[in-house]
Each structure stands twice: as structure tokens, then as C-alpha cells.
Enquirer: 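Handing you a structure now.
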Amino acid sequence: MTDYGEEQRNELEALESIYPDSFTVLSENPPSFTITVTSEAGENDETVQTTLKFTYSGKYPDEAPLYEILSQENLDDSDISDILKLLALQAEENLGMVMIFTLVTAVQEKLNEIVDQIKTRREEEKKQKEKEAEEAEKQLFHGTPVTIENFLSWKAKFDAELLEIKKKRMKEEEQAGKNKLSGKQLFETDHNLDTSDIQFLEDGNNVEVDESLFQEMDDLELEDDEDDPDYNPADPESDLTD
């Protein structure tokens, strides 16, 4: 007959020796304890961690122990789900044998895999960002390849914008034509024009003449053709001398 109590006590002693810094007894009846499992350090010294709680059933190890995750660090919900599935699978495969060390070792390996996945995921994200930046740079220098579809789309947009510009210009010209006044309208609306000519004439009467310019006119000997008895206005050569 299997002494379940003896097997459980022996395993507890072994676990306390194997995990001295992370093994904690919660109760003795039923035997319950926790073991904290931490992954190896990743690329940036990052780790993932979980604290597992185990409780022996009355017929353990012929029955699987009860287990749950009390806490975790840096794990996603999908990671927690994967760990629980792993524990269920390992417990099923190891029925009849003390299995806590086996379960904890499997979780340890899983945590190391998760750290590696985080590293791989970050590298892929970095490569993706670099690829997107490279594509954006190519797009900047080479532009968008012209296809029939995008050309027709651009042409329709361009024609619509050009039509709007023409309509706006015609409207402005039409409005400008309505606002332009004829000469008669300008005369009728600008009363300053009524007195401008009169004012000009009045200003002309005030022109000062320098009489000194004409003082020497009497001294000039001007020959009057009409005083010449031989002058004939009809004969251009009549004033010529022999």
C-alpha cells in the first residue's frame, strides 16, 4: 500500500533543498506551497517570472496536484494560458511519480522560450520599422508609379479644380464689368470734374508774363514784305533780288 504522506514529505524536503530562495510553505494540512520561477536574463537583462502554487491531493502522486499561478511579471495573457496548458500536460504524463520538480522545470524552460520570443519579436519589429522607413524614402524620391487608374483619378481632380478656377475668374471679371463706369457716369458721379475746366481757365488768367523779354523787340530790324513795292504775294520769286 502506497504511503502518500511519506512520499509527499520526502518531496517537500527535496524541493526546499532545490529551491531554497523561492520555496515557501503555505500550509501543512493539506500540504500547500509556492515556488517562484524566473527565466534567464534576456538581451537587455529582462526576465519573465511567475509564482506557482501547488497543493497536494490526498492520493498524490497517483493524482495530479492542484496548481495555479499566483502572480507573474512581464507575461501576456497568452503566456499564462500556455503555462497552464503545459502544467496540465506534464501532470497527466507523470501520474504515479512525484512530479513537482518536473512541472517546475517545464515552466522554467517555457519562460526561457518566452524571453527568446520577446527578443525575436523586437528584432522583427525593428526590421519592419527599417523596411517601412526605407519604403517611405523610396516613395519620397521616386513618387507613386503612374497607372491608368491613378492617372484618371488625378486628371478628374485636376479638371475639376481648373473648372472652379475658371468659374471664379469669370465671376470676378463679370463683377468688375458691372462696377466699371463710363466717362459720362464718371462725370455725373465725380462733381469735381464740373469745375475742373473752369478752374483751369481761371488759373490761366493768373499767368505772370515777364515783360522784359519783349523790351528789345523794337530794336530789331524786321523787314516787312508788304512795304516792298515789288512784292507780289502770288509770285514767290518777286522778293528775290538781282
Side-chain angles (χ1 to χ4, degrees), residues 1-140:
M1 182 175 179
T2 304
D3 188 348
Y4 296 113
E6 181 66 21
E7 287 195 34
Q8 294 172 11
R9 285 191 295 273
N10 291 338
E11 185 179 39
L12 286 173
E13 291 178 1
L15 293 173
E16 187 174 7
S17 175
I18 296 171
Y19 306 107
D21 298 326
S22 61
F23 178 83
T24 302
V25 175
L26 299 179
S27 67
E28 294 183 356
N29 190 20
S32 180
F33 54 92
T34 62
I35 298 177
T36 299
V37 188
T38 305
S39 70
E40 297 177 356
E43 182 180 17
N44 298 320
D45 293 332
E46 58 196 349
T47 60
V48 293
Q49 180 177 287
T50 182
T51 297
L52 305 174
K53 177 184 177 182
F54 296 99
T55 302
Y56 288 149
S57 62
K59 295 183 177 181
Y60 174 83
D62 289 340
E63 295 177 348
L66 302 176
Y67 52 83
E68 61 181 296
I69 295 177
L70 286 185
S71 63
Q72 59 83 18
E73 292 182 9
N74 302 325
L75 293 174
D76 296 333
D77 292 340
S78 60
D79 296 328
I80 298 299
S81 178
D82 290 343
I83 292 172
L84 292 175
K85 291 177 181 178
L86 176 64
L87 288 171
L89 178 63
Q90 291 294 321
E92 182 68 23
E93 291 179 353
N94 289 277
L95 285 177
M97 299 179 291
V98 291
M99 65 182 77
I100 301 301
F101 176 78
T102 301
L103 299 182
V104 172
T105 300
V107 172
Q108 177 78 59
E109 293 176 355
K110 181 63 178 178
L111 295 182
N112 292 340
E113 290 179 7
I114 292 173
V115 170
D116 291 339
Q117 290 172 0
I118 292 174
K119 176 183 177 181
T120 301
R121 184 166 60 248
R122 287 181 176 175
E123 290 177 349
E124 291 176 352
E125 290 175 352
K126 181 179 179 181
K127 290 180 180 179
Q128 182 63 26
K129 289 181 179 179
E130 291 175 351
K131 182 179 179 181
E132 291 175 355
E134 183 178 351
E135 291 296 330
E137 186 175 0
K138 288 182 179 179
Q139 188 75 8
L140 180 63

Enquirer: Under the criterion side-chain hydrogen bond (donor to acceptor under 3.5 Å, both in side chains), which of E124, E130, E132 is the partner of Q128?
Expert: E132
Enquirer: For the residue pair F33 and F23, categorise the inter-ring angle as parallel (less than 30°), tilted (30 to 60°) or perpendicular (more than 60°).
Expert: tilted
Enquirer: State which residues pass side-chain contact (heavy atoms from CB on, under 4.5 Å) with E6; sequence neighbours excluded, sorted by chain then number.
Expert: D3, R9, N10
Enquirer: Is the shortest side-chain heavy-atom distance between I118 and N74 below 4.5 Å?
Expert: no
Enquirer: Return the CG to OH distance between L66 and Y60, rounded to the nearest 0.5 Å.
Expert: 11.5 Å
Enquirer: With heavy-atom distances below 4.5 Å as the criterion, would you say the side chains of L70 and L52 are in contact?
Expert: no
Enquirer: Taking the basic N atoms (NZ, or NE/NH1/NH2) and the acidic carboxylate oxygens, is any pair closer than 4.0 Å for K59 and E7?
Expert: no
Enquirer: Can you confirm whether the side chains of S57 and E63 place a donor and an acceptor under 3.5 Å from each other?
Expert: yes
Enquirer: Apply side-chain hydrogen bond (donor to acceptor under 3.5 Å, both in side chains) to D62 and list each qualifying residue two or more places apart in sequence or on a separate chain.
Expert: Y4
Enquirer: Which residue in the set T47, L111, N112, T50 passes side chain to side chain contact (heavy atoms under 4.5 Å, CB included) when paired with T38?
Expert: T47
Enquirer: Give me each pair satisfying side-chain hydrogen bond (donor to acceptor under 3.5 Å, both in side chains) with a member in residues 16-36, each pair once, sequence neighbours excluded.
Expert: S32-T55, T36-T51
Enquirer: Looking just at side-chain N and O atoms, do E11 and Y56 make a donor-acceptor pair shorter than 3.5 Å?
Expert: yes
Enquirer: Got a second to check how far Y67's OH is from L87's CG, nearest 0.5 Å?
Expert: 5.5 Å
